[in-house]
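The next block holds one structure in the form of structure tokens; read it before the comments.
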Amino acid sequence: MDDLTRLTAADLAQKLSASEVSSEEATRAHLERIASVDPDVHAFLHVASERAIETAKAVDARRASGETLGPLAGVPVAIKDVLCTQDMPSTSGSKILEGWVPPYDATVVRKLREAELIPLGKTNMDEFAMGSSTEHSAFGPTHNPWDLERIPGGSGGGSAAAVAAFEAPLALGSDTGGSIRQPAAVTGSVGVKPTYGGVSRYGAIALASSLDQVGPVTRSVLDAGLLHDVIGGHDPRDSTSIDHEWPSMADAARAGLRDNALKGLRVGVVKEIAGDGEGFQAGVKQRFDETVRLLTAAGAEVVEVSAPSFEYAVAAYYLILPAEASSNLARFDSVRFGMRVNPVSGPVTSERVMAATRDAGFGAEVKRRIILGTYALSAGYYDAYYGSAQKVRTLIQRDFAAAFEQADVLISPAAPTTAFKIGEKVNDPLAMYLNDITTIPANLAGVPGLALPVGLAPEDGLPVGVQLMAPAHEDARLYTVGAALEQLLEAGWGHPLLQSAPSLAQSEMFASEEGAV
Amino acid sequence: MAKAELMDYERAIELFEPVLGFEVHVELNTKTKMFCGCANEFGSGANTNTCPTCLGLPGGLPQVNHQAVESSIRLGLALGCGIAESSRFARKNYFYPDTSKNFQTSQYDEPIAHDGEVTVELESGRRVTVLIERAHMEEDAGKLTHLGTTGRIQGAEYSLVDYNRGGVPLVEIVTRMIEGAEADAPEVGKAYVAHIRELVKALGVSNARMEEGNVRCDANVSLRPRGSNVLGTRTETKNVNSLRSVERAVRYEIQRQAAILDAGGTITQETRHWHEDTGTTSAGRPKSDADDYRYFPEPDLVPVAPSREWVEELRATLPEPPAERRARLREAWGFTALEFQDVANGDLLDAVEATVAEGASPAAARKWWTGEISRVANARGATAGELVSPKHVSELVALVENGDLTDRLARQVLEGVIDGEGSPSQVVEARGLKVVSDDGALIAAIDEALAAQPDVLQKIRDGKVQAAGAVIGAVMKAMRGQADAARVRELVLERAAQ
């Protein structure tokens, strides 16, 4: 049964549809895998075993009765803890929400249920999605399945690790500055940040409203397309959601598998984030360059484009994000939900209870960003900080517009380095922030980005990912190009990259022998 | 709290020029809240009209209420404002438990309506133009109930919060500085708020009940010493929620500030609480222009950009401006200023107009609405308009004018109508209240009364006509009031002479 966890979602869905396996079997296989490896990986904050099996049985029953089910019906899925689920705690990785079960489902979760996927549980993340390593989770870090001493990226390290460790074929993530794509890159998985407004944010616990976007985390481009098709589309509950006729992303991915799918495609290499700058690892640069050559060999026309304003992207991002976050996180005040802490001494007033709760409930990184954002929005500083950052944002949008005049898609490394060691950068926020240097521009401009694995860095044997970017609304183009590239790469390797990852069964034994660490 | 030193009002006006400004919050009567689908309903069980969005739960997102935008545009147009081609919501950030998100979603630097003016008329006939700076959309806060000794959040043992009102749509109308009101300043305040109330009612965008907080006024008052061109420090008296209170609060602040300034003191820039019972204000929280709400554009909403076509469509739906309507009705009805004010102040213009339209004379319609119907309404704690329909009032008036009912009988009929016994004719029928117009029956009763009171008969015959009253009374009593007293009088004199 163990091999059921090795299937792509597309293949599993096919077996389910052909009644070769049941959803219950597939679900149990994944739950067993979770039980076996998650004590080491810690991708999950909550596993809903019984509920998942019940749901799977119900789907099996409906299939048995001859009902026509959706393309992913019966396939298990992991859900990032930033998303509200009415039957599971939703903590956003924060102590302040420990144990909080929302009274409602996020729109994307509702859509998963309607499409009859099987929620397995909730995945770990940096607290309120603030971080690039999942070390800022209030519930302990997630470990990279390729090397348990390393970070799985962040903030969505839990979702990426879950799919990379074969604990789930599919996962949902959220991406504010790279939280889907950077973890995908460092775990050898696929992650997509859709066009801003392409997927509903209703029920996603907000970090930075103008940047956040929910998207798929998977092991193949086609799987990402299948999941994107389930969660995407207009939602009247999210005013920033786009009312647009989206094509099927899965169909777009399948189109990429045809011969000559890349012929004549104009691929822009963005000079400023092409891996030459400071902070880029040599192996990352090497795999990136090889990928570009592979595209050329497949008939793509590679052009160099320049996006001079990208230089200011990280700086602008770290003004806009904290500003919006400081306001979005104001609601965590103990009055209506979540943790409540009374002041240790002195009068117990509502203001002091709020302060004591926020002091006890928020971690250091969250406090750092709330303080930054509060400062950036303060009277007298607004124009210099938030105002200037918004101007940079406009410039970055213009850079993208100009680049897309010359190229159909843009390409860059998805992260400047491979997975670093747990603890290595946790006390150096700036170094941590620079991890998202290649992913942040897409969020600032609202354009879609797809990360997929392109090999292992020679120096450390860890996964390297590239990022493809397309103009807003052109997510389908990413799936076509991504699937085509993935096919070329896997043809070269002879198998998907994740087959090279450690099985983890042994390391589990090591861990248990060593006892409590 | 010691009552503050007050300066005599006339003296205060001699020394200082009052400068006013008003912020009036109008609660819109939309079906649902400003940013979610919850019912906008007064009086539901605590926290029943709530959802993740208006409760500020993690993940909740706002959606702009189309009806609220429409109402705001119509109100803006009625205030003579320009309607912005694109307006935006912003977040006003501050921590307070009645604000579920700890920010209020409100329009800030890009309001939907801007730069209007209204002209109000004072009792003296003086007309004062008030410039409107802006009218913007925002959401109301929840309602806090502080339990403990003080009734305020400070010193409360605990507080209860009800978010039913949280997220209810408001339009805040902000005036520019009103200068030159002079001694009329309190009345200008009252007339302005009355005007807004009348306007929103005529537009149908608000229930406009001040007692339920549908229209709430914050009054800014400052004093400028005569001969100075420097503005004084202002105070903002919050939640002055009746027309009379607006007048009293402005007058009180003028007198209070004048006393302080004249004694060489300074005014603290602050909000002040209005105390209806004592007619005084007391210090609230210090308010500085530098209050930092860290406003920034609401990233969860897109700009509100009403098309010009839509704005023009809405302009075509505006009702006749209240002032013009009043002038027209007064002329048409031929009322004196006092008579008209009676109707207008009683909020009875619609009722009288509709009753006249049903065929009643303006005078009779006015008499019934401002008289008996208002009296019953007061006694029952209801509003006149809820008690009886203009059609029924018109029917009642017709019955009186035809001589079918006396005024006294008509009042009984009205009572029956109010109690739901049917139309006036049906009540007359059911209660048997019609005037006895059969002279035969009257004459029999009169003869009997005269026979019973021979001394009175003699007096009448002696020319003391006023003595007839006793007989008339007896006859009316015998007829259980169902007789026309004038006809009875005629017949009494006739029979006595025989």
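So that the names make sense, note that chain A is the first sequence line, chain B the second, and so on, each numbered from 1.
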One pair to check against side-chain contact (heavy atoms from CB on, under 4.5 Å): A/Arg201 and B/Leu61. What are the steps and the verdict? CA-CA 8 Å; A/Arg201 293 185 295 115; B/Leu61 288 177; 4.0 Å; yes
Looking only at B/Phe103, B/Tyr158, B/Tyr295, most heavy-atom pairs under 4.5 Å shared with chain A are made by B/Phe103
Shorter than 4.5 Å, heavy atoms on both sides: which option in B/Val302, B/Leu55, B/Asn47 has the most such pairs with chain A? B/Leu55
Can you tell me which portion of [X] sits under 4.5 Å from chain B's heavy atoms? Options are side chain, backbone, both or neither.
X	value
A/Ala323	backbone
A/Thr374	both
A/Pro236	backbone
A/Tyr202	both

Please report the shortest heavy-atom distance between [X] and [Y], naming the atom on each side.
X	Y	answer
B/Pro299	A/Tyr196	O-OH, 4.2 Å
A/Tyr386	B/Pro297	CE2-CD, 4.2 Å
A/Tyr104	B/Gly60	OH-N, 3.2 Å

Working to the nearest 0.5 angstrom, can you tell me the gap between [X] [atom1] and [Y] [atom2]?
X	Y	atom1	atom2	value
A/Thr240	B/Gln63	OG1	CD	10.5 Å
A/Ser326	B/Asn102	OG	CG	12.0 Å
A/Arg331	B/Phe95	CZ	CZ	11.0 Å
B/Asp300	A/Asn328	CG	CG	6.5 Å
A/Ser327	B/Arg91	OG	CZ	4.0 Å

Centroid-centroid distance, A/Tyr382 to B/Phe296, less than 6.0 Å: no
Is a donor on one side and an acceptor on the other found under 3.5 Å between the side chain of B/Asp292 and the backbone of A/Ser378? no
Are the side chains of A/Arg336 and B/Pro97 in contact, using a 4.5 Å heavy-atom criterion? no
When you compare the side chain of B/Tyr96 with that of A/Ser350, does any pair of heavy atoms fall below 4.5 Å? no
[atom1] ([X]) with more than 12 external heavy atoms under 6.0 Å:
X	atom1	result
A/Arg237	CZ	no
A/Lys367	NZ	yes
B/Glu312	CD	yes

Mind ranking A/Pro102, A/Ser239, A/Ala204 by heavy-atom pairs under 4.5 Å with chain B and telling me who comes out on top? A/Ser239
